Amino acid sequence: MVVFPCDLLPLDPTQDLIFPPELMRVALTEPQQTRWFRGERVAWVSPVSLEELVLLKSTHPQAPLVLGNTALGPEMKFRGAVHPLLISPSRVAPLFEVTHAPQGVWVGAGLSLTQVQMVLEARVEALPQEKTELYRALLHQLRALAGQQIRNVASLGGNIVSALPNSDLNPVLAAGGCRLRVASDGDREVPLDQDFFRGFRTTLLGAADVLVAVFVPETRPGEFVRAFRQAPRKENALATVTTGMRVVLGPGAVVRDVQLYYGGVGPCTLRAARTGQALLGRPWGEAMLQEAYSVLLEEVVLPPGAVGGKVGFRRSLTLSLLFKFYLEVQQALALMVRPGPGPAGSWTSWTCWVQDQLGPGPAGQSEQDAVGRPVMHRSAPAQATGEAVYVDDTPPPQGELFLALVTSTRPHASILRYCLSVCLSVCLSVCLSQQGSAGGSQTLPPPPPPPPQVSCVGQLVCGVLADSRDRARRGAAAVRVRYQDLPDPVFTVELVVHRPLSSGELRLGGQEHFYMEPQSVLVVPVGEETEFHVYVSSQAPTITQEAVAETLGVPSNRVTCHVKRLGGAFGGKVTKTSILAAITAVAAWKTGRAVRCVLERGEDMLITGARHPVLGRYQVGFMEDGRITAADLQYYANAGNTVDESPLVVEKMVLHMDNAYNIPNLRGRAVACRTNLPSNTAFRGFGVPQAAAVVESMITDVALCLARPIREVNMYRGLSVTHYGMRFDPENLWRCWEEVKGRVGLGPRLEALRSFNQDHRWRKRGAALIPIKYGVAFSEAFLNQAAALVHVYKDGSVLVSHGGAEMGQGIHTKMQQVVSRELGVPSSQVYVSETSTASVPNSCPSAASYGTDANGMAVRDACQKLYKRLEPIRTKNPKGSWDSWTRAAFLEKISLSATGFFRGPDCYMDWEKMEGQPYSYFTYGACYSEVELDCLTGDYRTLRTDIVVDVGQSINPSIDIGQVEGAFLQGLGLYTLEQLSFSPGGLLYSRGPSQYKIPAVCDVPLSFNVHLLPDSNNPHAIYSSKGIGEPVLFLGSSVFYAIKDAVSAARAESGLGGAFPLDSPATPERACLACATPFSQRVPVSEPGSFTPWALNI
Ligand SMILES: Cc1cc2nc3c(=O)[nH]c(=O)nc-3n(C[C@H](O)[C@H](O)[C@H](O)COP(=O)(O)OP(=O)(O)OC[C@H]3O[C@@H](n4cnc5c(N)ncnc54)[C@H](O)[C@@H]3O)c2cc1C
């Protein structure tokens, strides 16, 4: 059927598009036939029968089958694999059949994992329990494997054939004795056993083989199958180690057969055959295990520098997971029922009880006045439906080019030359030098002057322009750069600071910003007078404007930056964005065309740096009663290869090295260390999360030494003075603290925790109550200012512009509320379109938790001017409506547009005298967290978190609670989950969500309670509110210290007391090894320096 565009009905945007019924009819009634689709580089064929599929495969053995595309797709997208032919077997019926046989079920290899899950669930429902051991073990893996979206498309056959070393299904299928039906020049059956796995991602299947179905057998009485997996996160994370284990017990529980398969401990799924042999013929009991452990340690060996790192942990897991298998079988033997669910609590108990705290609003407040009310984030519906517009949603202007970046692959080298020939065959061919001067044209350019040196992997070395994103990226991938390595790259701060170890230390890893929207910029030349419009995802539009103007050598008045909204920023979209915008602007200037530059997630992570990793060291003096009398703290921040904001970050560390404690003799020093890693930058909290964590670590060590809590005796009390001489009243800190204690019922809770720990050998609970005192505002006084522009139109609608950027924190919503109060209009009548340097010049970055404080005052100032101007009109017609007043004002020639300005506090810090008033005020909070730790695997679950924060009089409690919840979880990620990992050559390994885990829903505390401190006032900020963006992030450390508390309980079982080191993040690996269980202690430790580790310990 051929359809010509002129035959089509015009699109009616009010109607949902439906799949054309005619096409459905054609699909159902027309005879099925092979379909070919041919593209520029790839052909796609869809056969309809198994015979045809086999024929295609034998003719094109290298052509992959594409089912869910979850293994192939990433290879093509991220590793540049090109397959000229793809075969889609989605219409080949035998691959999707389920056939019940007497002793099991044949499951089509093409079925998605979700469909397999449904088949197995139905078998579990239908059969007696003893027959479904294998099915249940597979279901255990399937429920944790990837996420629902992946499981909905990824196929069973794809999982088996792609043979990931840590595939979750293969060890269980192999242990369970599954068989495969394979078609090529004939049908054959292949056992899925150790011989099936040949090496890294290779199996004994030939290139022309098609896996048709998998036989999954039922189990018999006396047969037990279990699966265990340990992953960096409970959901959507590939396993670190994963297992499938099966045992057949005869009379007297004697082992008649045993199959132990592991994933994640070698290049492919691995059978521990000798260990199984050691168990054969022995009664199922503790006695058999000791020998099995020794054999297992010899049999499953990982070299100390093995790919993936975590060698000690993985080896320890092989032992502890075998022990878990033993325990579960033992338990099943005793009870003949499956064990109950894991830790207590349920997902549904997660509560956010906004209404509770809100009430009807202050007595006498007009209904129109939106301040203090839980107004929904004004972009929420658009963001939830996908209608919200981000930079990369901007339609391409005529002739737009795309800029792709080429980055250094060396940590420290000179660039000898660029080889552009292949690149030029695919792209339009403009390259830019690192310094930003244009070096070429749309015709073949001379090679740009190379930057003399690179100082990190990921440093920008040139850019490639093309007329499409794909071509630009292919061109960039084709650029070859010849380097000459320079000596001695430095990656860790230890190599920068040679100092002896002092009495305690905490190493904190960095943190990737992981904003949802990567760095994005579109520069559009206006076409005259070197004027440019820059559409950019920046939290500092003015800094971006200045960077572009300075780079192009034009005045700022020719560059307008437009920021509609950001899909998150967290500090990462200030300096880095400006650099990218400047480079993109050079390309636009040179070509005279619009240029777009949007980073891929991996590029973004590689290039743009992160939160500073910090090594903190301390010496501490204390009294028997727990009072700390003196402390000396040293912070070494890994700044990376450029200065960026590092000096300011380390200054803030020193300012917060007291956290909430009054330490009479306090000395500190913070150093930003230059290394050959990508330059680190601002991140929510700006050094405070690192600084305060080191203090808490010191406090925890002292408490462990004295075996008693010591926080309260050291907290500031009464009118106080910080170590830099700032006066403050910690009353609200104490109110937060006491309220948390009261809400959780601290005494009985700790008692229950202690008794749980007495009853459990391998699971331990821990708790921590942590305070925060966080300084708000910029310590550089000039940044504490803001401006606004408010227009009122004749119809009464209000358009507000201010200097703050909306990055999810809800600043525009709060500004609407301010206008609503000041002008007496409903907030629905107020609109904030964008943040633009043309409407509000010289704005300061939205940072330091100061956005609402500053911009709110500026907006208020503008509104008050307008309201005053309307006074004669209002007096004339007091009963008139807002709309009638604005119409009348226009007729009376009264200006309905006003600017507002806020001159903020003159904060300062005199670093010579070491004293100052660097903040406007403090935001206080306290947080209790309780965790349950599985000491055998290091997995933990946050059972409960209670936070009380002093946000003054909240302008919008629902937004503030959202900020608190978000910041807490981001902190939880920092301290327990998120791990940047670098190769020994300084290459960031963790360049995407599969290697870098941010908290997911599964990490939200089972019971999560956020409370805003009532009756708090703050004379220093608008409507008595307080800044809340950053302070609570640090409270995520309560989970870290709760884990440390649980580890401490586990260590006590091994006879270990007192202080011990635990670095951040407290990943399962670190927590498990710190527990010092008999399993981890059995694993031999390789001598540091005797091997090259897979990853650096940054
Ligand atoms: C985000 C993410 C998370 C993941 N997490 C996990 C996890 O936690 N645990 C885990 O085990 N796995 C995980 N995976 C891997 C995933 O399970 C596999 O990628 C998936 O099962 C492969 O199936 P597919 O249909 O997508 O294969 P495709 O990508 O379509 O194909 C993969 C390969 O298998 C071959 N192939 C597919 N079917 C057949 C067949 N019938 N006969 C012969 N060859 C065939 C193809 O030729 C191709 O080479 C994850 C993947 C992603 C993307």
Side-chain angles (χ1 to χ4, degrees), residues 27-37 43-72 83 85-123 126 134-135 138 142 151-163 167 169-170 172-174 176-193 196 203-218:
L28 291 173
T29 54
E30 299 273 309
Q32 297 277 308
Q33 49 185 292
T34 310
R35 289 194 194 119
W36 282 86
F37 297 87
W44 191 85
V45 55
S46 164
V48 289
S49 70
L50 186 56
E51 295 69 37
E52 202 188 347
L53 172 62
V54 167
L55 186 66
L56 272 169
K57 252 313 214 176
S58 64
T59 326
H60 307 281
Q62 296 316 320
L65 302 190
V66 57
L67 272 298
N69 200 33
T70 63
L72 278 180
H83 299 288
L85 179 64
L86 295 168
I87 305 173
S88 164
S90 61
R91 294 185 299 155
V92 177
L95 266 70
F96 299 90
E97 283 165 6
V98 176
T99 317
H100 297 288
Q103 273 139 22
V105 56
W106 282 100
V107 182
L111 290 180
S112 74
L113 299 181
T114 302
Q115 288 166 323
V116 175
Q117 193 173 334
M118 283 152 60
V119 170
L120 295 178
E121 276 166 355
R123 297 315 292 151
L134 176 56
Y135 300 162
L138 283 167
L142 280 168
R151 294 197 295 268
N152 283 349
V153 292
S155 66
L156 175 61
N159 191 287
I160 295 171
V161 177
S162 49
S167 155
L169 296 186
N170 282 333
V172 192
L173 294 168
C178 294
R179 300 196 303 277
L180 309 177
R181 189 178 143 214
V182 179
S184 48
D185 42 4
D187 257 20
R188 65 184 199 281
E189 268 191 32
V190 176
L192 184 58
D193 59 12
F196 181 77
T203 67
L204 63 65
L205 295 188
D209 284 336
V210 173
L211 173 57
V212 182
V214 183
F215 181 70
V216 193
E218 291 167 9

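Computed from a predicted structure; not experimentally measured. Just the heavy atoms: all of them, side chains too, but no hydrogens, waters or symmetry mates, feed the values below.
Between the side chain of Ser167 and the backbone N or O of Ala163 there is no donor-acceptor pair closer than 3.5 Å.
Nearest heavy atom pair, residue Leu211 against residue Leu205, reads CB-CD1, 4.4 Å. Nearest approach of Leu134 to Pro217, heavy atoms of both residues: CD2-O, 3.5 Å. Across all their heavy atoms, Gly110 and Phe96 have their closest contact at O-CE2, 3.1 Å. Pairing each heavy atom of Ile87 with each of Ala63, the nearest pair is CD1-CB, 3.9 Å. Taking all atoms of both residues into account, the shortest heavy-atom contact from Trp106 to Ala101 is CD1-CB, 4.3 Å. In terms of heavy atoms, Ser184 sits closest to Val54 at O-CG1, 2.6 Å.
The side-chain heavy atoms of Asn69 and Val153, taken from C-beta on, include no pair separated by under 4.5 Å. Between Leu95 and Val212 the shortest side-chain heavy-atom distance falls below 4.5 Å. Counting heavy atoms from C-beta on, the side chains of Asn159 and Leu156 never come closer than 4.5 Å. Using a 4.5 Å cut-off on side-chain heavy atoms (C-beta onward), Gln117 and Leu113 make no contact. Counting heavy atoms from C-beta on, the side chains of Leu169 and Ile160 never come closer than 4.5 Å. Residues Tyr135 and Glu121 form no side-chain contact, since every pair of their non-hydrogen atoms from C-beta on lies 4.5 Å or further apart. Looking at Lys57 and Leu65, their side chains come closer than 4.5 Å, going by heavy atoms from C-beta outward.
Atom CG of Asp209 and atom CG of Leu180 lie 10.5 Å apart (nearest 0.5 Å). Rounding to the nearest 0.5 Å places CG of Asn170 at 8.0 Å from OG of Ser162. Rounding to the nearest 0.5 Å places OG of Ser112 at 10.0 Å from CG of Leu67. Atoms OG and CG, on Ser58 and Leu53 in that order, are 9.5 Å from each other to the nearest 0.5 Å. In this structure, the separation between CG on Leu86 and CZ on Phe37 is 12.5 Å, given to the nearest 0.5 Å. Once rounded to the nearest 0.5 Å, the distance linking CZ of Arg123 with CD of Glu218 reads 6.0 Å.
Of the candidates Arg91, Glu52, Arg35, Gln33, Ser46 forms a side-chain hydrogen bond (donor to acceptor under 3.5 Å, both in side chains) with just one, namely Arg91. Each of Ser155, Ser88, Ser90 was compared with Val66 under the side chain to side chain contact (heavy atoms under 4.5 Å, CB included) criterion, and only Ser88 meets it.
Enclosure of atom CD in Glu189 by more than 12 non-hydrogen atoms of other residues, nucleotides or ligands within 6.0 angstrom is indicated.
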